[in-house]
Amino acid sequence: MRRIVAAILVVLSAGPALAWEFVEDRLCRMTGGTDEVLVEVTFDPVGGDYAISLTLTGATWPAADVFGIAFDGGWPLLIQTDRHALTGDGRTLTVTDTGFGNVLAGMEFNRTASAIADDRQVAIPLDGAAEAVAAFRACPSPRLS
């Protein structure tokens, strides 16, 4: 019950959403987030790796054994992994993989996401993400340098 109340409070207290944007340079890149967290999803057409990085602005991520993203909306989904890494300062958590179909679908078809590491939950509004996901899916970039 405490976890449900905490999740509701996180969603309600999230700062204003930053617009979701897609940029195509050497990497395919999609960014969005709030005043609390910057989310960056990348695809490297050369190496074939996807990554999602979540950078907190005023806090650090705990050194959790498992990291998860819970998507809520039209296509609810929970994705968990133990293959995540923290930067030295603990502000950025990154997951890298060779496929991100569930992450992209979660971002495209839902209203919110909650990033979860131990007892830290961070709400991420997904308003406007569907358009950025569509552009992201159309990558890879022809401008490889």
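Note that the structure is a prediction, hence the values are computed from the model and not measured.
The backbone N or O of Asp35 lies less than 3.5 Å from a partner atom in the side chain of Thr57, making a donor-acceptor pair. Under the 3.5 Å distance criterion, the side-chain polar atoms of Asp44 are matched with a main-chain donor or acceptor of Val46. Side-chain N or O atoms of Arg120 include one that pairs as donor or acceptor with a backbone N or O of Thr60 at under 3.5 Å. When atom types are taken as modelled, the side chain of Thr92 and the backbone of Thr87 share no donor-acceptor pair closer than 3.5 angstrom.
Residue Thr98 holds its OG1 atom at 10.0 Å from CZ of Phe43, rounded to the nearest 0.5 Å. The CG atom of Leu56 lies 6.5 Å from the CD atom of Glu36; values are rounded to the nearest 0.5 Å. One distance of note links CZ of Arg29 with CG of Leu27; it measures 5.0 Å at 0.5 Å rounding. Distance CG/Asp97 to CD1/Ile52: 12.0 Å, rounded to 0.5 Å. Taking OG1 of Thr55 as the reference point, atom CZ of Arg91 lies at 6.5 Å (rounded to 0.5 Å). Summarising the geometry, atom CD belonging to Glu40 is positioned 10.0 Å from atom CG belonging to Leu54; distances are rounded to the nearest 0.5 Å.
Taking every heavy atom of both residues into account, Ala51 and Thr96 meet most closely at CB-OG1, 3.9 Å. Leu93 and Ala117 get closest at one heavy-atom pair: CD1-CB, 4.5 Å. Pairing each heavy atom of Cys139 with each of Phe22, the nearest pair is SG-CZ, 3.9 Å.
Contact annotation: the side chain of Trp20 approaches that of Val39 to within less than 4.5 Å [non-hydrogen atoms, C-beta and beyond].
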Sequence neighbours excluded and cut-off under 3.5 Å, please list the side-chain donor-acceptor pairs for residues 63-80, or say none.
none

Please list every donor-acceptor pair under 3.5 Å in which a side-chain atom of residues 101-108 meets a protein atom from a residue at least two apart or in another chain.
from: Glu108; atom 1: OE1; to: Arg137; atom 2: NE; distance (Å): 3.2
from: Glu108; atom 1: OE1; to: Arg137; atom 2: NH2; distance (Å): 3.2

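Note on Tyr50: it does not cluster hydrophobically with Val23, by side-chain heavy-atom contacts below 4.5 Å among ILVMFWY residues. Placement of Leu86 and Ile124 within a single hydrophobic cluster is found when ILVMFWY residues are connected by side-chain heavy-atom separations under 4.5 Å, directly or transitively.
By the salt bridge (charged side-chain N to carboxylate O under 4.0 Å, His left out) test, Asp49 pairs with no residue at all, sequence neighbours left out.
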